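Not measured: the values here are computed from a predicted model. All chains are named by letter (A, B, ...) in the order of the sequence lines, taking the proteins before the strands, and each is independently numbered beginning at 1.
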There are 2 protein chains.
Amino acid sequence: MDLFVSKYFNKIDKKGRISLPSSFRNILPKANRNEIILYKSIKSPSIEGCGVGRLKEIAKRINNLDFFSEDYDDFSTSIFSEIVTTNIDKEGRFLIPEELKLYAGIKTEAAFFGQGHFFQIWEPKQGLKNTEDSRRRLLKEKKSLRMMLTQQK
Amino acid sequence: MDLFVSKYFNKIDKKGRISLPSSFRNILPKANRNEIILYKSIKSPSIEGCGVGRLKEIAKRINNLDFFSEDYDDFSTSIFSEIVTTNIDKEGRFLIPEELKLYAGIKTEAAFFGQGHFFQIWEPKQGLKNTEDSRRRLLKEKKSLRMMLTQQK
DNA sequence: TGGGATTATATGGGCGTCAATGGGTATATT
DNA sequence: AATATACCCATTGACGCCCATATAATCCCA
C-alpha cells in the first residue's frame, strides 16, 4: 500500500518528539525515509505533511491555477513559504515546529489522519470533530459518496 | 471466480484474530494477497472490505476532484482517514480494529457476506436479519426481481 | 467405486520482533 | 555555558511468524 490511510493518535514527549505512524513511514521512499515536509493547511486549523517527493505534485496543482489570478499568488505564498522540512530520527520520531503546533492547537497529543497522497495532523478532539462534520456533509448527498465507494470496474 | 460470494461464519480467537474465508482470500490478487482494507459501511452497521486494488481506484477518483474545493477535503477525510488496512497472516487470519468491531457490534464471532466486488462483515444475528429483510424487500417487487434474474446479457 | 491417504481450512498457542514511548548522553549551535 | 537536537539504549505491549491439531474436502489407486 502506497497511500496514507487510517488515523492514529500519538503522544508528544517532554522533548517535543512524536512518532510518525509506522504505516506512514513505510510509504516514504526508502531514499528520503528520514525527512518529511510540513505546512499549514489552507482550509483547516491543521498541519499537512507528506514526503518531499510530493512537492512537485503540489507545485503542479498550483501551476494549474490561473497565473494572473489572486488565488495563484495566495496559494503559492501560503503554501510554499510556509513549508518546513523536518527530520525523522532512528526511532521514527520528529519535531513539530512550535508555530505549526500553535496553528493547529496541538499540545501533548496529536492525531494523524491519512489523506491518500498526504496526511493531516490535528489536535485530537478537533480532528475527530472535523471527520464527523465532513462525513455529515457528504451523507447529505448520499449519492456522491456511494459513487466514490462503489466499484465500476 | 473473481467475485466475493456466499456467506461464512467464523470465530474471533483470544488474540482477536479471525480467518478470512478461504474463497475470499483466493480472490485477492497474488501480489497483495496479504493485505485488505476495511471501512464502516455507509448504509448499515457493518464493515465492508476488499482488496487494496479497489482503494487505488478510489484514490484516483478523489484525485480528479478540484484540489482546492471543500468537497475534496470531505471525500478525502471521510474515505482515507476512515479506511484501515490490515495484514493477513500466513494462516489467512487478520485483526478487526476495535473501533470497527464496535461499529458493527461484533464480539466473538463474525459473518462474512459476499457482495461481488467487496464483502461485508456483520455481527452474525444482525447479518442474517439483514439478508432476510433485503430479500423481503425485493420480493415485494417480484416483477423487478424476475426481470433481474431473467434478463439476457 | 470404495475407502484409506493426502491436502486444505479453521482454530489454538508459544515466542520473537517491532512499534510507541521514555530517558541518558554526546554533539552542536550561538 | 545554555539550549536544542541527534544518537543510543531500555521498556512495554501489540502483532507477526511458526508450529500444532481437529475437522472437512479432495485425491488416488486397487
### Summary
The bend of the helix from C:dT1-D:dA30 to C:dT30-D:dA1, taken between the axes of its five terminal pairs at each end and rounded to 10°, is 50°
### Query
Near DNA chain D, which residues from residues 102-114 of chain A have a heavy atom under 4.0 Å away?
none
### Query
Checking ring pair (Phe, Tyr, Trp, His ring centres under 6.0 Å) against A:Phe119, which of A:Tyr8, A:Phe4, A:Phe113 comes through?
A:Phe4
### Bounds of contact between DNA chain D and chain B, in 5' to 3' order, using a heavy-atom cut-off under 4.0 Å
D:dC15 to D:dC19
### Task
Quick one: pull up CG in A:Leu20 and CD in A:Glu91 and give me the separation to the nearest 0.5 Å.
13.5 Å
### Query
Charged N to carboxylate O below 4.0 Å: is that the case for B:Glu82 and A:Lys7?
yes
### Task
Determine whether more than 12 heavy atoms belonging to other residues, nucleotides or ligands lie under 6.0 Å from atom NZ of B:Lys56.
yes
### Query
What's the verdict on side-chain contact (heavy atoms from CB on, under 4.5 Å) for B:Glu35 and A:Met1, showing C-alpha distance, side-chain angles and the deciding distance?
CA-CA 8 Å; B:Glu35 195 175 23; A:Met1 173 55 54; 3.6 Å; yes
### Message
Distance under 4.0 Å to a non-hydrogen atom of chain B counts as contact; along DNA chain C, which nucleotides mark the start and end?
### Response
C:dT9 to C:dC15
#### Entry: Main-chain N/O of B:Lys43 paired to B:Ser41 side chain as donor or acceptor, under 3.5 Å
yes
### Greater than 12 external heavy atoms within 6.0 Å of A:Lys40's NZ
yes
### Message
Does the plane of the ring in A:Phe67 sit parallel, tilted or perpendicular to the ring in A:Tyr72? Use 30° and 60° as the thresholds.
### Response
tilted
### Query
Is A:Ile83 linked to A:Leu95 within one hydrophobic cluster, defined over Ile, Leu, Val, Met, Phe, Trp and Tyr using a side-chain heavy-atom separation of less than 4.5 Å?
no
### Message
Contact list please: residues 14-26 of chain A against DNA chain D, heavy atoms, distance less than 4.0 Å, in numerical order.
### Response
A:Lys15, A:Arg17
### Task
Mark yes when over 12 heavy atoms from residues, nucleotides or ligands other than A:Lys11 sit less than 6.0 Å from its NZ; otherwise mark no.
no
### Task
Check whether any side-chain heavy atom of B:Tyr103 sits under 4.5 Å from a side-chain heavy atom of B:Ser46, and report yes or no.
no
### Query
B:Ile36 and B:Cys50: side-chain contact (heavy atoms from CB on, under 4.5 Å), yes or no, with the steps?
CA-CA 6 Å; B:Ile36 55 173; B:Cys50 59; over 6 Å; no
### Query
Any salt bridge between B:Arg137 and B:Asp133, counting N to O under 4.0 Å?
no
### Task
Please name the pair of heavy atoms, one in B:Phe80 and one in A:Gly114, separated by the smallest distance, quoted to 0.1 Å.
CB-O, 3.3 Å
### Query
What's the verdict on side chain to side chain donor-acceptor pair (under 3.5 Å) for A:Gln115 and B:Ser81, showing C-alpha distance, side-chain angles and the deciding distance?
CA-CA 6 Å; A:Gln115 300 282 334; B:Ser81 75; 5.0 Å; no
### Query
Salt bridge check: are A:Lys129 and A:Glu132 linked by an N-O gap of less than 4.0 Å?
no
### Summary
For A:Gly105 and A:Glu123 the tightest heavy-atom approach is O-CG, 3.1 Å
### Query
For DNA chain D, what residues of residues 88-96 of chain A have any heavy atom nearer than 4.0 Å?
A:Lys90, A:Glu91, A:Arg93, A:Leu95
